[in-house]
Structure formats: structure tokens, C-alpha cells
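Each remark here refers to the structure printed beneath this line.
In this text, all values refer to a predicted model and were calculated from it rather than measured experimentally.
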Amino acid sequence: MSRRIINNFATSVFILCAVIMTATLVYLLGYILTNGLSNVDWSFLTTNSSSAMEGGGIKNQLWNSFYILVVTLILSVPLGVLGGIYLAEYARPGKLTNVIRTSVEVLSSLPSIVVGMFGLLVFVQYAGLGYSIIAGALALTVFNLPIIVRVTEDSIRSVPKKQKNASLALGITHWHTVKTVLVPAAFPGILTGILLSAGRIFGEAAALLFTAGLSTNNLQFDTWNPFNSDSPLNPFRSAETLSVHIWKVNSQGIMPDVDEIASGSAAVLILFVLVFNVTARVIGNIIYNKITGSK
């Protein structure tokens with residue numbers, strides 16, 4: 001068999017795989033959005049959910065999802081970025097570095113249900129946080145942290161060594177070089193990784209079932225005192241997120257319009273995840289073009 005035939009066959013296989021993946025994605029998105037968007041309106045987004053009555057919305061669940069997302073990013077981004085900088089610039093080959101890298105690999109491969117059980121035992125029960133937003137955010141930090149560490153490390157390592165060496169040759173300290181040369185150059189990749197991980201956090205359900213809880217108060221959005229149990233800013237209250245709400249409605253819902261609520265919630269969730277992914281691409285490209293001077 002000639003090399004040209006083998007090359008054409010391999011190319012055809014790769015194209016077929018790409019077509020299959022794209023078609024699968026388009027079908028799933030089309031199915032979910034087609035069935036769900038017809039049930040989504042302003043009332044659906046701004047109405048409290050109902051456990052038995054028809055016409056419930058997702059206002060509190062949508063807020064809880066964004067609140068947990070913000071708290072998780074506040075906890076995980078500084079630790080993840082600093083950890084990635086350490087592995088890329090300061091970690092020396094040895095047993096300690098091997099242990100750290102192995103730990104990152106293990107954490108990144110843990111099933112979310114295992115992270116949820118860990119959060120239940122450590123944060124909910126042992127730490128006494130109960131089913132709460134802060135417990136859910138800490139659990140999500142556990143499996144979001146290795147993603148940001150790896151993205152940060154890879155982004156910094158992708159910066160041309162000439163930039164680092166030129167800075168050091170001018171007498172600038174290593175830390176100042178990292179702060180003013182490497183991190184700004186790697187920022188587009190780091191930001192893209194953070195936004196992509198945000199989409200994963202927003203759609204997570206399994207870990208939050210055991211940490212953030214399966215119920216939520218009817219939040220009073222005119223009460224912003226974080227110590228009030230009905231305040232949307234209270235981090236120690238139980239908080240059913242949108243993804244958990246979808247699971248709960250499908251498994252335990254007794255509302256007459258349970259199918260409409262589930263499909264509408266799924267469509268909203270998919271739309272926001274798509275927004276995170278598209279935003280990551282657009283912002284990353286804009287910042288990269290601005291830094292490099294590309295068009």
C-alpha cells in the first residue's frame with residue numbers, strides 16, 4: 001500500500017472523527033435548546049421555584065449558581081495561579097516536586113461524586129459548616145484547583161525563554177521578572193483556563209448534592225445583610241443550584257409542569273456554559289492580540 005493511500009486514509013479517519021464529534025455536539029445542543037427555550041421567559045427567570053404547584057421558576061437557583069461560582073473562583077484562582085507559578089518557575093526536580101505533581105494529577109482525575117463525599121465529611125460535618133454555599137465552594141475548589149494550576153503552569157512555560165532571559169540580563173530579579181514579564185505574557189492562557197473552569201463549576205451537580213444542599217430559601221433580594229438567613233449574600237445558608245435543581249426536578253418533582261421546568265432549566269444552564277466558553281475564546285484572543293501586536 002502506497003504512502004499516499006495511507007495518508008489519505010488517515011486524513012479521512014481524522015476528518016470523520018471531527019465530523020462525528022461536531023455532529024454529536026450540535027445534536028445535543030439542538031435537542032436541549034429546542035425543547036427548553038420555548039419554556040424560558042422573563043417570568044421563569046425571576047420567579048421562585050415551587051415544590052408542588054405549577055408555574056415555578058428558577059430565580060433563587062440561578063442566583064445560587066452564580067454566587068457559588070464567584071466564591072469558588074475567589075478561593076481557587078489565587079491558590080491555583082500561585083501554585084502554577086511555583087511549579088513553572090521555582091520548583092526544583094526532586095521528591096517534593098514529584099509529590100506535588102502527583103497530587104495535582106490525582107486531584108484532577110477524581111470523580112466529582114468523590115469530591116462531594118469528601119466535602120460532606122470534611123466541610124459539612126467535621127468543620128461544622130453544614131449544607132451551605134461556603135461548603136459547596138470549598139468542595140468545588142478541591143477539584144477546580146488542579147485545573148488552574150495546570151493551565152497556569154502550561155501558560156507560563158509557553159512564554160518564549162528569550163523574554164525571561166532578556167529581563168534577567170537587565171538585572172531584574174526573578175520575582176519581578178515573573179510579575180512583570182511572564183505573568184502578563186501568559187495572562188491570555190490563564191484567563192481562558194479560568195473562564196473554562198468557570199463553566200465547569202457552573203454546571204457541576206454531583207459535588208454540590210452533598211455540600212451545598214438540595215433546598216434553598218426564598219431569598220429576599222432587598223435584604224443584603226450577609227448574616228440574615230434569607231439574604232442572597234449569606235454564605236452559610238443551604239443553596240440549591242441550577243444543576244442540582246434539574247436533577248431534583250427530574251428525580252423527585254411532582255409539579256404538573258415538571259417536564260417544562262426541567263427542560264427550561266437545562267436550556268438556561270447550557271446557554272450560560274456556552275457563554276463562558278465563547279467568552280473565554282474571545283477575551284483570550286483579544287488580550288493575546290493586544291499583547292503580541294497581532295491582528
Side-chain angles (χ1 to χ4, degrees), residues 42-53 55-80 112-113 115-145 148 194-195 197-249 251-253 255 261 264-265 268-269 272-273 275-276:
W42 183 247
S43 176
F44 182 72
L45 297 175
T46 58
T47 304
N48 292 334
S49 61
S50 174
S51 58
M53 302 298 292
I58 57 171
K59 179 182 71 173
N60 296 327
Q61 288 76 12
L62 193 58
W63 169 263
N64 291 337
S65 296
F66 279 107
Y67 193 23
I68 288 181
L69 169 63
V70 171
V71 175
T72 302
L73 291 179
I74 291 174
L75 294 173
S76 60
V77 169
L79 292 174
S112 57
I113 193 71
V115 175
M117 293 298 296
F118 171 81
L120 174 65
L121 294 174
V122 175
F123 304 130
V124 175
Q125 297 180 357
Y126 182 76
L129 296 174
Y131 293 104
S132 61
I133 288 174
I134 190 65
L138 288 170
L140 292 180
T141 299
V142 170
F143 80 58
N144 192 52
L145 191 60
I148 299 179
I194 291 173
L195 290 175
S197 67
R200 182 182 180 188
I201 294 171
F202 192 84
E204 179 57 40
L208 296 176
L209 288 172
F210 300 97
T211 53
L214 291 170
S215 62
T216 188
N217 299 340
N218 286 330
L219 303 178
Q220 304 298 321
F221 284 89
D222 56 349
T223 304
W224 295 99
N225 180 3
F227 299 103
N228 190 307
S229 60
D230 294 330
S231 171
L233 294 182
N234 187 341
F236 299 102
R237 60 177 175 81
S238 175
E240 179 189 39
T241 62
L242 185 58
S243 54
V244 173
H245 183 64
I246 295 171
W247 174 84
K248 184 178 177 181
V249 167
S251 61
Q252 304 175 11
M255 301 81 77
I261 294 175
S265 301
V268 172
L269 180 64
F272 278 110
V273 172
V275 167
F276 286 125

Check the pair Lys59, Phe44 against side chain to side chain contact (heavy atoms under 4.5 Å, CB included), reporting the backbone distance first and the verdict last. CA-CA 7 Å; Lys59 179 182 71 173; Phe44 182 72; over 6 Å; no
Check the pair Ser238, Thr216 against side chain to side chain contact (heavy atoms under 4.5 Å, CB included), reporting the backbone distance first and the verdict last. CA-CA 6 Å; Ser238 175; Thr216 188; 5.8 Å; no
Which is it for Val249 and Met255 under the side chain to side chain contact (heavy atoms under 4.5 Å, CB included) test, yes or no, and what are the steps along the way? CA-CA 8 Å; Val249 167; Met255 301 81 77; 4.0 Å; yes
Evaluation steps, side chain to side chain contact (heavy atoms under 4.5 Å, CB included), between Asn217 and Asn60: CA-CA 8 Å; Asn217 299 340; Asn60 296 327; over 6 Å; no
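Note that CG of Asn225 and OG of Ser231 are 6.0 Å apart. Values are rounded to the nearest 0.5 Å. From Arg237, atom CZ reaches atom OG of Ser229 across 9.5 Å, with rounding to the nearest 0.5 Å.
Taking all atoms of both residues into account, the shortest heavy-atom contact from Ser49 to His245 is CB-CE1, 4.0 Å. Smallest separation of non-hydrogen atoms from Phe276 and Leu195: CB-O, 3.9 Å. Nearest approach of Ala137 to Thr141, heavy atoms of both residues: O-OG1, 2.7 Å. When all heavy atoms are compared, the tightest approach of Thr223 to Pro232 is O-CD, 3.2 Å. Considering every non-hydrogen atom in both Val244 and Gly213, the closest pair reads CG1-O, 4.1 Å. Counting all heavy atoms, side chain and backbone alike, Glu204 lies closest to Leu208 at O-CD1, 3.5 Å.
Counting heavy atoms from C-beta outward, Leu138 and Leu129 have side chains that approach closer than 4.5 Å. Side-chain contact between Gln220 and Asn228 is absent, with no heavy atoms from C-beta onward closer than 4.5 Å. The shortest distance between side-chain heavy atoms of Phe210 and Leu121 does not fall below 4.5 Å. Counting heavy atoms from C-beta outward, Pro235 and Tyr67 have side chains that approach closer than 4.5 Å. Side-chain atoms of Leu242 and Ile58, non-hydrogen and from C-beta on, do get closer than 4.5 Å to each other.
No donor-acceptor contact under 3.5 angstrom links the side chains of Thr72 and Ser76, judged on distance only. Judged purely by distance below 3.5 Å, without hydrogens or angles, the side chains of Gln61 and Ser265 never pair a donor atom with an acceptor atom.
Only one option out of Phe221, Phe227, Trp63 pairs with Leu233 in a side chain to side chain contact (heavy atoms under 4.5 Å, CB included); it is Trp63. When each of Thr241, Leu73, Thr211 is tested with Ile68 by the rule side chain to side chain contact (heavy atoms under 4.5 Å, CB included), just one qualifies, namely Thr241. Residue Leu219 forms a side chain to side chain contact (heavy atoms under 4.5 Å, CB included) with just one option from Asn234, Asn64, Asn48, and that option is Asn64. When each of Leu269, Ile201, Leu209 is tested with Ser243 by the rule side chain to side chain contact (heavy atoms under 4.5 Å, CB included), just one qualifies, namely Leu269.
A distance below 6.0 Å separates the ring centres of Phe118 and Phe123.
By the side chain to side chain donor-acceptor pair (under 3.5 Å) test, Ser251 is found to be paired with no residue, residues two or more places apart in sequence or in another chain being considered.
Classification of the Phe202-Phe272 ring pair by plane angle, with boundaries at 30° and 60°, yields tilted.
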